[in-house]
Amino acid sequence: MDRDTDAGRPLQFFPVDIGHYRHHACLDARAEVDALADLLAPFGAETNTWDVEDEQEKGADAVEQRLRAWSQPQTSGDTFLYWVGHGESDGQSALLAHAYSPRPLTSGGVTPEALLQYLAARQANRRARGSWAIVVIDACRSARFVELLSARALSDSSGGPRNVLLVSTSEDGTANLGQFRKALTTALTVTFPAEDIIDLWALAGELSKRLHGCPVIPHSPAPGAVLHRKVPSLASALSAPLDALAEFEASLASLTDHERRHIVLKAVGAELDLHSRYFEGRVVERQQVLTWLKTARSGLLVVTGAAGAGKSALLGHVLMHTRPELGRLLEGSGHPASLSTEAAPPEESFDAVLHLCGVTPHELISRIATAATLGSPPTDASLAVQSNWLNDQMRRRRRRFTMLADALDEAQLPLVTAEHILRPLAELPHVRVVIGTRASTTQGPEPPQPKGQNLLDALGATTNSAALVINLAPEPEAVVRYVRRRLIAAARRHEFTGALGNVDRLATGIASCNREFLYVRLAVNEIIQNDALFGALEGLDSLLASDARQLFADTVDRLSALAPTYRPLLESLALAQGRGFPVRDSLWASAASAVSDNATITDTDIMSLTRAAAPYLTVDTEFGQSVYRLAHYAFAEHFLNLASGDHRHHLITTRLAADADEQPPAAQLNPYLVRYLPAHASLGGLAAWHQLAKHPRVMDRLDPTAFPRRAQKSKQGTADAVADTDTAVAGGQLGGQLLRRHHAPGPPTKRRRRMRTALLITGAVLALLMTGTATAAYWYYDHLNSNLRRGLAESGASRWCNSDIAEGTVTSIQPDGEGRMRATLSVERWYRPVESSRGRLTFTAESGEWDDYRNDVRILVVVGPQGELQSSFRQGTDLEAGRRIVAGGYLVRCETPTPLQNSAPSGR
């Protein structure tokens, strides 16, 4: 999508604000208009102000003239009509008051029919062709007015005005002036902060939720009805903590729209978590990186250190100076000017900048291919095939390619990613790879640190003498400067000048701890929030005696004291999959409610948290929607270490599945649920799957190949890991194939529901092979098979098991007379039963499924006890994956269930 959103249609904000009345109480309508105008300004809204000499002259004639002017636009574009004032309804009819309307308001006001005439005329005007209109009625009992307006529009023989959104703000009682403004503010700044283009009908859903049941009614919605940001959101281009993002935004406030747009567009792809606002020190390390960028023709550079050592800050600082436009973000926010000519790195040094948090190996390959303009990777899901393809394509490309990838340790499979993607790339003669990572998957933010360095080993950094490894150690002198600048700026910003005398004592005390940068950031944030500590040094000894883990725990306690909803909101982010939880469709609020024993948590709580916990939250985008996560993985580890995640993921699965099932049948499932609800269920164990199985309508729309983000990162055997990865992918494919084969159109029968449950569980649990050791995964799967065999046998769904698995070529295929096809396979290899000497296998399949298998194509088939095809794997696409599935023993054999064993094996 083109990110230069200035190409959107003009937007007109057209207020009909009546704040002064002869017979009704006065309202501060103008304040609402001004606030909404400011809120809509980033979307290019031009306000058509209703200027009159006397506010009390907004009577019937003036209102008629105002609405007529609106219905006859002089330029093309979209429109936002905002009526704010008094209204009334007796439950049957409804009126809006003008300045002279009587009290009680039983006549002498504006009717729904009258407003409809103007709305219809406006949408029929040639200048409004293809445009949309929002009509907001912010008045007492506006719900009934909007309902009548909608009903009259629907009864129109021509279908009424099209591409219209009608919004009410009050049901039975007095309008709460400001409620709509708050609802729109939350939607635009919290739900959609990183989206440059906001779908109007998605916005309608969010407004409906926040206006507590007041009618929000779309009429003849057309695709392409969107709000365009005039200047792209900085949050859509940069990944940074919310407080840093706000400071960056403030530094751009004095620039023109053209300048802002240019800077933000240049920032696109800067996925690093940027903390460069107060960057200090790392002179030697920075010079090493810059020299390498100037001189190295290929190879690997790794910036490593303990969690919170400042790896992202250093890499982000270097990145900012490779893109001169981004340097203005630093200069405008009080950072020293750009680096000297001698020290500055080459401009546009990086062809790809990636943050690997939650990224799968396959996703990384796709993103590198896109950045290098290599085209799409092969459809074969095997990681080996895709990795080999990437290396071959990059070798043929022959142009230098430099990639910066941060947070390798937070990737979904860091060891696999390092050994099978990043390491081979760095060995190519014209490819340069810069990595930010912990040395080990078990390394934490505080001593004692483990001796292992499996991530560096997987990258080849410990055996490749040409690789440059930069290990970040604490830097007390830089810490003093950093703390001083942060505290002085905070004292002046909050006019707390009495604390300035304590800055040096606080700075030297924190530096004397000789701890990682993460601890320093946390300590400074807590000082700024604690007036007694900042102003009188109360509690300083306790602060200095704490480590990063304890400081973050104290932060969570402090935030929880402000609002009890804050803890579960933060905890749920630690359990989020992918790049974080979206606010949209109340997913984050619902997940937080689930882990808080179903306390009522709303998007209003989220909006408050984004202000109170700004330094600890990051906004990002995934699947085209804004998502939130904790700003540092060490923060997530605090919650993950509190208890086993299984029960919490079980609770999240239960709540999200139930909420999704309550949506109208035609409603589109949020992409987060499609992709990650199976992952939550996998992490929640069998109990979570049993809960998910209660919602077959939801299960039908899930992605069975979804993998959990949180992996057991201590796994050492990367060869086993990549094999497990391919097997897991193939398992997910198998689950998807089986789901498709057994999901016939029409209402599902009880047997189909049982099938759906069993098959999706199979695909998802195979995906669990990615998340732990092979022994644990195999053991879990064996127990799952036993459970499924027992449950399926008891339920009569034993047809799900298989009796024949063979590989060969199809020699004939013909209709069976019952709407299906009967195929014959010339068998070259039997997998089950292994002792079979039969040369042929006959089975049935759905009609129309076999076009790809003609012409003697080699396939592997899995056949059920009644001769029905359950799954197939075709040469050239997924045959190797099918072989791994069979070799691993992951297919349920038709046999008598065996008792479930409760003890884990000692090995396998």
Please assess V698 against L673 for the test side chain to side chain contact (heavy atoms under 4.5 Å, CB included), listing each intermediate value before the final yes or no. CA-CA 9 Å; V698 174; L673 295 178; over 6 Å; no
Side chain to side chain contact (heavy atoms under 4.5 Å, CB included) between Q74 and Q12, worked out: CA-CA 11 Å; Q74 300 304 303; Q12 175 196 57; over 6 Å; no
Pair W83-I18, side chain to side chain contact (heavy atoms under 4.5 Å, CB included): steps then yes or no: CA-CA 8 Å; W83 182 296; I18 306 175; 3.9 Å; yes
Do L188 and L203 pass the side chain to side chain contact (heavy atoms under 4.5 Å, CB included) test, and can you show the C-alpha distance, the side-chain angles, and the key distance before you say yes or no? CA-CA 8 Å; L188 296 181; L203 176 62; 4.3 Å; yes
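A donor-acceptor pair shorter than 3.5 Å can be found between the side chains of Q625 and N670. With 3.5 Å as the limit, one finds a donor-acceptor pair spanning the side chains of S590 and D659. Counted by atom type alone, Y82 and D17 present zero donor-acceptor pairs between their side chains at under 3.5 Å.
Here the straight-line distance linking atom CD of Q117 with atom OG of S71 works out to 10.0 Å at 0.5 Å rounding. The OG atom of S168 sits 7.0 Å away from the CG atom of L211 when rounded to the nearest 0.5 Å. Here the straight-line distance linking atom OG1 of T185 with atom CG of L36 works out to 7.5 Å at 0.5 Å rounding. Note that the SG atom of C140 and the CG atom of L96 stand 10.0 Å from one another [nearest 0.5 Å]. Expressed to the nearest 0.5 Å, how far OG1 of T75 lies from CZ of R127 amounts to 8.0 Å. The CG atom of D38 lies 8.0 Å from the OG1 atom of T47; values are rounded to the nearest 0.5 Å.
Looking at heavy atoms from C-beta onward, W132 lies in side-chain contact with L227 at the 4.5 angstrom threshold. Side-chain contact between T618 and L245: absent, with no pair of heavy atoms (C-beta onward) separated by less than 4.5 Å. Contact annotation: the side chain of T79 approaches that of R122 to within less than 4.5 Å [non-hydrogen atoms, C-beta and beyond]. Contact annotation: the side chain of V33 approaches that of F13 to within less than 4.5 Å [non-hydrogen atoms, C-beta and beyond]. D54 has its side chain out of reach of H20: every pair of non-hydrogen atoms, C-beta onward, lies at least 4.5 Å apart. In this structure the side chain of L570 reaches within 4.5 angstrom of the side chain of L609, judged on heavy atoms. By the 4.5 Å heavy-atom criterion applied to side chains, I137 and L166 are not counted as neighbours. Between P665 and R697 the shortest side-chain heavy-atom distance falls below 4.5 Å.
Distance alone, capped at 3.5 Å, places no donor-acceptor pair between the S233 side chain and the E195 backbone. Listed for the E622 side chain is a donor-acceptor partner under 3.5 Å among the backbone atoms of R579. Here the side chain of N176 pairs no donor or acceptor atom with the backbone of Q179 at under 3.5 angstrom. Counting only distance, with no hydrogens or angles, the side chain of H212 and the backbone of T169 share no donor-acceptor pair below 3.5 Å. Looking at H680, its side chain never comes within 3.5 Å of a backbone N or O of T654 through a donor-acceptor pair. A donor-acceptor pair under 3.5 Å is formed between the side chain of W201 and the backbone N or O of A222. Without hydrogens or angle criteria, Y628 side chain to V190 main chain gives a donor-acceptor distance under 3.5 Å. W50 places no side-chain N or O within donor-acceptor distance of the main-chain N or O of P15, the cut-off being under 3.5 Å. A donor-acceptor pair under 3.5 Å is absent between the side-chain atoms of S150 and the main chain of V146, judged by distance alone. One N or O on the side chain of S101 and one on the backbone of G108 form a donor-acceptor pair closer than 3.5 Å.
Across all their heavy atoms, R629 and G580 have their closest contact at CB-CA, 4.2 Å. Contact detail for N163 and S131: the closest heavy-atom pair is ND2-O, 3.3 Å. In terms of heavy-atom proximity, P161 sits nearest to S220 at O-OG, 4.4 Å. Of all heavy-atom pairs between A589 and I606, the closest is N-CD1, 3.9 Å. Minimum heavy-atom separation, L559 to A612: CD2-O, 3.7 Å. H695 and A658 make their closest contact through CE1-CA, 3.7 Å (heavy atoms, listed as atom of the first residue, atom of the second, distance).
In this structure, the ring of Y672 has its center no less than 6.0 angstrom from the ring center of F623.
Across T602, T604, T191, a single residue satisfies side chain to side chain donor-acceptor pair (under 3.5 Å) together with R210, and that is T191.
Around CD of Q663, the count of heavy atoms belonging to other residues, nucleotides or ligands within 6.0 Å exceeds 12. Counting non-hydrogen atoms of other residues, nucleotides and ligands closer than 6.0 Å to CZ of R30 gives a total above 12. At most 12 non-hydrogen atoms from other residues, nucleotides or ligands lie less than 6.0 angstrom from CZ of R103. Counting heavy-atom neighbours within 6.0 Å of E57 CD, excluding the residue itself, gives a total above 12.
For the pair R66 and F14, the cation sits on the ring face: its NZ or CZ lies under 6.0 Å from the ring centre, inside 45° of the axis.
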